[in-house]
Number of protein chains: 2
Amino acid sequence: MKHNKEGNTEQQILEAAETLFLEKGFALTSTTEIAKVAGCNQALVHYYFRTKENLFEAIFEKKARLFFSVIFQNEGADRSFEQRLKETIEAHFDIVAANSKIPFLFINELTTNQQRLITLSEEFVSAREEAFRKVEQELQAEIKKGTIRPMELIDLLITVISLNLTLFLVKPIIKVITNISDEDFQKLIAHRKQENVKIILNSLKP
Amino acid sequence: MKHNKEGNTEQQILEAAETLFLEKGFALTSTTEIAKVAGCNQALVHYYFRTKENLFEAIFEKKARLFFSVIFQNEGADRSFEQRLKETIEAHFDIVAANSKIPFLFINELTTNQQRLITLSEEFVSAREEAFRKVEQELQAEIKKGTIRPMELIDLLITVISLNLTLFLVKPIIKVITNISDEDFQKLIAHRKQENVKIILNSLKP
DNA sequence: ATTCTATTTAATAGCTCTATTAAATATCGA
DNA sequence: TCGATATTTAATAGAGCTATTAAATAGAAT
């Protein structure tokens, strides 16, 4: 049975670590700093998670799961392929917007640490394989019908990801360069969401 | 007068630093490692550049200059706006492709180090301001003519950057997940270049 | 050959970081 | 209350890092 003084120390460490890792990545975040933000002794970080690596992985996996949780809106034969694609793009955009630091964390850690990538890909790639196959079939069926120009699913995927991620990847840069207010950035986000949908749907036309 | 044993030590340090900084960013690269790759004593890195920060800035500025060197192909009234835009997109894509690690370096350093961003933006943003104004005027003229749907230059810019950068930002991820060969990745790049041009030009239609 | 300067080296100060340990303290059940 | 267990703390080992220093070496100029 656990019995901490005030609240849940382990939880506070997790929250502090999440904030800091998302802010600066694994390398620039120290367990000393995590402890300071969590309001506890530095040794406690290691008491609960033994290594900084373990702590990071707990958070990274959780975020990976969230990030890949959007799947093509397959259900409902009452809606057209285009309509369901639109909904998927919007859902993906919304998740990225609500977790706007995840893209940076991902690219940062997966680029500098190949091993992390290998472990992750095993779990996620195979889990998505079946879903991909189904959507690919639907896409090719649409192409055969002539409603969409010839293309592969991977092309569509790259386009969606490119358009939906980049705004948030360069968010800190835009903020400093343009001095844009939070309110105006929110407006820009809402505008880009519609813009992205428009661009992508346009790009499918035969 | 300089007189090193073999070759130019300073140059070798610069080259080693460039490789490593592009690979892993500022924080994960040590002067010890730079010296090892450059084939010299670690103290020499500090002898020539005094601080790691100085060395980094030398490389970062050079890369920033390269990265922002593409400007809208203004010259030549014989070519249409669309044709010149196409050439600009392709030139931008080519520069990114030839320096595919720069986007990662940029986003990594500018996100984790606000100060670097502030220094950089002062130099570059003001230098580009005039060029932007001119292209914005041309764009609005096209819109008035009815050849392009109503939009602002910043929208077009975000779209171009999004599509042109992301493939290279996620390159390490794609390589591990898909086990794609270098040759096939080159093919993917060539394909995406045309795809991006197509998507962007399509997105302008009224 | 000698002197002057530039380059290179080994050694190390001083710092921060991760992780561990032993001791102290708190909490629970009996 | 008491003992067992969980949590917390201070201290520190051990490693790596940046930057400096003093001494050694090489090359050019006189």
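Each chain gets a letter, A, B and so on, in the order the sequences are listed, and its residues count up from 1. Everything numeric here is computed off the predicted structure, so don't read it as measured data.
Under 3.5 Å, the side chains of A:Thr166 and B:Thr166 contain a donor-acceptor pair of N or O atoms. A:Lys205 and A:Asn202 share a side-chain donor-acceptor pair at under 3.5 Å. With 3.5 Å as the limit, one finds a donor-acceptor pair spanning the side chains of B:Thr159 and A:Arg192. Counting only N and O atoms by type, the side chains of A:Thr32 and A:Gln42 include no donor and acceptor under 3.5 Å apart.
Between B:Phe60 and B:Phe67, the ring center distance fails the sub-6.0 Å criterion.
Residue B:Leu28 contributes atom CG, which lies 11 Å from atom P of D:dC17 at whole-angstrom precision. Note: NZ (B:Lys24) to C1' (D:dC17) measures 13 Å, nearest angstrom. Remark: P of D:dA6 and CG of A:Leu44 are 15 Å apart, rounded to the nearest angstrom. Here C:dT9 presents its P atom at 10 Å from CD1 of B:Ile13, a figure rounded to the nearest Å. Nucleotide D:dG16 holds its C1' atom 13 Å from the NZ atom of B:Lys36, rounded to whole Å. Spacing between atom CG of A:Asn41 and atom P of D:dA10 amounts to 6 Å, rounded to whole angstrom units. At whole-Å resolution of the value, OH in B:Tyr48 and P in D:dA19 are 18 Å apart. Atom CG of B:Asn8 and atom P of D:dA26 are 19 Å apart (whole Å).
Of the options B:Glu18, B:Glu57, B:Glu15, a salt bridge (Lys or Arg N to Asp or Glu O under 4.0 Å) to B:Lys62 is made by B:Glu18 and by none of the others.
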Problem - Summary of protein contacts for nucleotides 16-23 of chain C, nucleotide by nucleotide, where a base hit scores B, a sugar-phosphate-only hit scores S (4.0 Å, heavy atoms) - result: -SBBB---
